[in-house]
Chemist: 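Take a look at the following structure, please.
As a basis for the values below, the full set of heavy atoms in this structure was taken, side chains included, without hydrogen atoms, waters or symmetry mates. Chain letters run A, B, ... following the sequence lines, proteins first, then strands; residues in each count from 1.
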Amino acid sequence: MPELPEVETVRRSLIKHLIGRTIEEVEVFLPKIIRYMEVAQFQESLKNQQFLAIERRGKYLLAHLSKGWTLVVHLGMTGRLYYLPVDKGQPLSSTSLPLTPSSLPLTKGSEAPRHVHAILSLDNGGSLVYHDYRQFGYLTLSRTNETMCLKGLKELGPEPLEDKFSLPVLQRGVQGRKAKIKQLLLDQRLVAGIGNIYADEILFTAGLHPERSGGSLTDAELKKLYRSIRYVLQKGIEFRGTSINDYVDGEGHPGEFQHHLQVYQRTGQACTRCSSVIQRVKVGGRSSHFCPQCQTEPAKI
DNA sequence: AATTGTACCTGTCAGC
DNA sequence: TGCTGACAGGTACAAT
């Protein structure tokens with residue numbers, strides 16, 4: 001689920017609820033979702049710390065805390081991180097969490113609902129809930145000045161929406177590469193934050209077939225790809241992410257970008273641009289959706 | 001070094 | 001009404 005636009009939306013929606021709050025209690029119901037450290041140490045180190053800032057790097061959320069610690073969250077495929085106001089009993093909006101009926105209501109002392117793996121209780125009576133039915137996501141804690149040394153974070157390429165990600169940077173990452181462009185877009189070392197949905201949408205917008213090799217792209221195509229990366233990710237953020245099965249933001253609200261998808265999960269439907277039938281192929285083990293008319297064929301050599 | 005397959009999980013849906 | 005297999009937003013690691 002959570003690619004750059006979803007993680008960014010979670011970040012923005014959590015800020016107003018968390019900044020200035022202090023963590024009073026930490027419950028962990030599934031120890032394995034705490035990575036790289038002992039659960040007891042995770043719990044102890046979080047206690048009595050205040051949220052100072054929330055940052056995003058690629059698909060990682062970084063909550064900077066007082067005393068020089070940073071809470072690192074990766075949502076994997078199905079992770080949700082959301083704020084529940086006051087005493088766990090009252091969801092922020094009972095209609096806004098249609099996808100988590102099993103996680104509500106939370107009552108003190110009761111066993112955690114299925115798929116709720118951790119709860120941080122805050123000094124205002126609210127809580128920060130981590131929910132993840134496939135359990136691919138994780139939480140960890142690091143010293144703030146060492147966060148970028150963590151596995152996964154230290155290999156990340158540039159942020160696609162920042163100036164550091166320029167056309168020459170993309171060119172250098174792609175030119176001379178034999179790998180298919182779809183796989184290159186998913187490579188977090190090349191550029192951070194693109195996942196399967198946005199990769200397909202970016203390639204459609206750029207008019208590029210997912211199986212084109214990186215090295216086969218012309219300068220004009222690279223320029224179009226560069227602009228498409230920025231355009232599609234920005235649109236994803238504007239529409240607050242893509243909710244297909246279970247993504248919700250930090251307040252439990254689904255996004256709207258699923259209504260604007262051009263190819264992802266539209267196999268067999270008509271292309272919005274030319275009415276050709278959208279096709280699906282496997283590229284590097286991932287489903288890739290494309291329009292055979294609008295996205296130029298790979299070179300047949 | 002780069003690439004491929006597999007593992008980690010639960011849930012849904014189509015087909016028999 | 002089951003059962004089985006394919007598939008689902010992501011990464012990490014072993015084998016080639």
Side-chain angles (χ1 to χ4, degrees), chain A residues 1-10 29-36 56-61 72-81 98-103 112-117 130-140 150-157 173-203 210-211 213-215 232-233 236-237 239-249 254-261 263-268 280-289:
Chain A
M1 157 241 288
E3 308 180 31
L4 185 152
E6 288 75 32
V7 180
E8 178 63 19
T9 303
V10 171
F29 308 103
L30 184 70
K32 60 166 259 191
I33 59 138
I34 309 303
R35 293 249 184 115
Y36 313 132
R56 179 192 54 75
R57 182 77 174 90
K59 302 172 190 172
Y60 293 82
L61 266 183
V72 178
V73 182
H74 193 292
L75 300 173
M77 286 277 232
T78 54
R80 297 172 175 178
L81 188 66
L99 307 164
T100 32
S102 62
S103 72
R114 194 154 163 74
H115 303 133
V116 168
H117 304 316
Y130 184 71
H131 177 288
D132 188 357
Y133 79 85
R134 287 182 74 183
Q135 305 172 19
F136 289 166
Y138 62 88
L139 293 81
T140 191
L150 281 177
K151 198 177 327 180
L153 276 157
K154 67 166 177 275
E155 297 95 352
L156 285 183
V174 166
Q175 279 174 348
R177 298 286 301 270
K178 208 169 60 180
K180 294 166 180 169
I181 190 61
K182 168 71 183 276
Q183 292 182 277
L184 292 174
L185 287 181
L186 293 176
D187 186 342
Q188 302 300 299
R189 294 167 301 183
L190 201 135
V191 50
I194 300 174
N196 207 34
I197 297 177
Y198 293 96
D200 281 5
E201 295 299 312
I202 287 165
L203 290 172
E211 293 182 291
S213 71
V232 172
L233 293 176
I237 294 173
F239 286 98
R240 305 177 52 86
T242 306
S243 293
I244 290 181
N245 287 319
D246 39 60
Y247 161 71
V248 291
D249 72 11
E256 296 296 334
F257 198 64
Q258 64 278 14
H259 304 306
H260 302 270
L261 297 174
V263 286
Y264 183 79
Q265 283 200 349
R266 295 194 65 244
T267 311
R280 188 178 68 152
V281 285
K282 286 264 180 194
V283 179
R286 314 292 303 275
S287 276
S288 299
H289 313 73

Chemist: Below 4.0 Å from chain A heavy atoms, what is the first contacting nucleotide of DNA chain B and what is the last?
Modeler: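 Range of nucleotides touched by chain A: B/dT3 to B/dG11.
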Chemist: With pairs defined as Watson-Crick or G-U wobble and both distances under 3.5 angstrom, please note down DNA chain B as a dot-bracket string, | for pairing with another strand.
Modeler: .|||||||.|||||||
Chemist: Is there a donor-acceptor pair under 3.5 Å between the side chain of A/E155 and the backbone N or O of A/Q188?
Modeler: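 No; judged by distance alone, with no hydrogens or angles, the pair does not exist.
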Chemist: Distance check, P atoms only: B/dA1 and C/dT11, in whole angstrom units.
Modeler: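 23 Å, rounded to whole Å.
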Chemist: From C/dA12, C/dG10, C/dA8, pick the nucleotide closest to the side chain of A/F136?
Modeler: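 For the A/F136 side chain, the nearest candidate turns out to be C/dG10.
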Chemist: In whole Å, what separates the P atom of B/dT6 from that of C/dA6?
Modeler: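 13 Å, rounded to whole Å.
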Chemist: Consider ring pair (Phe, Tyr, Trp, His ring centres under 6.0 Å). Of A/F136, A/Y60, A/Y130, which one does A/H74 pass it with?
Modeler: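 Result for ring pair (Phe, Tyr, Trp, His ring centres under 6.0 Å) with A/H74: A/Y60.
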Chemist: Just by distance, no angles: are the side chains of A/Y198 and A/E6 close enough, under 3.5 Å, to form a donor-acceptor pair?
Modeler: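 Result is yes, a qualifying pair exists.
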Chemist: In a check of side chain to side chain contact (heavy atoms under 4.5 Å, CB included) between A/H131 and each of A/L81, A/V116, A/D246, which one passes?
Modeler: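 Option passing the side chain to side chain contact (heavy atoms under 4.5 Å, CB included) with A/H131: A/V116.
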Chemist: Should A/E8 and A/R56 count as an ion pair when the cut-off is N to O under 4.0 Å?
Modeler: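 Salt bridge present between A/E8 and A/R56.
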Chemist: When we call it a touch if two heavy atoms are under 4.0 Å apart, what does A/R280 touch: a base, just sugar-phosphate, or nothing?
Modeler: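 Counting heavy atoms under 4.0 Å across all strands, the contact made by A/R280 is with sugar-phosphate only.
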Chemist: Just checking, is any N or O donor in the side chain of A/H117 or A/D132 under 3.5 Å from an acceptor N or O on the other one?
Modeler: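 No pair is found: no donor N or O on one side chain lies under 3.5 Å from an acceptor on the other.
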Chemist: When all nucleic acid strands are considered with a 4.0 Å heavy-atom cut-off, which category describes A/K32: base, sugar-phosphate, or nothing?
Modeler: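 Result for A/K32 = sugar-phosphate.
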Chemist: Do any side-chain nitrogens or oxygens of A/R134 fall under 4.0 Å of OP1 or OP2 in C/dG10?
Modeler: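 No, no such contact exists.
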Chemist: Quick one: which of C/dT11, C/dA8, C/dG10 gets closest to the side chain of A/Q188?
Modeler: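 Nucleotide nearest to A/Q188's side chain: C/dT11.
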Chemist: Could you tell me whether A/E211 and A/K180 make a salt bridge, using a distance below 4.0 angstrom between a side-chain N and a carboxylate O?
Modeler: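 Result for this pair is yes, salt bridge flagged.
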Chemist: Is a side-chain donor-acceptor pair under 3.5 Å present for A/K182 with A/S288?
Modeler: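 Judged by distance alone, the side chains do pair up.
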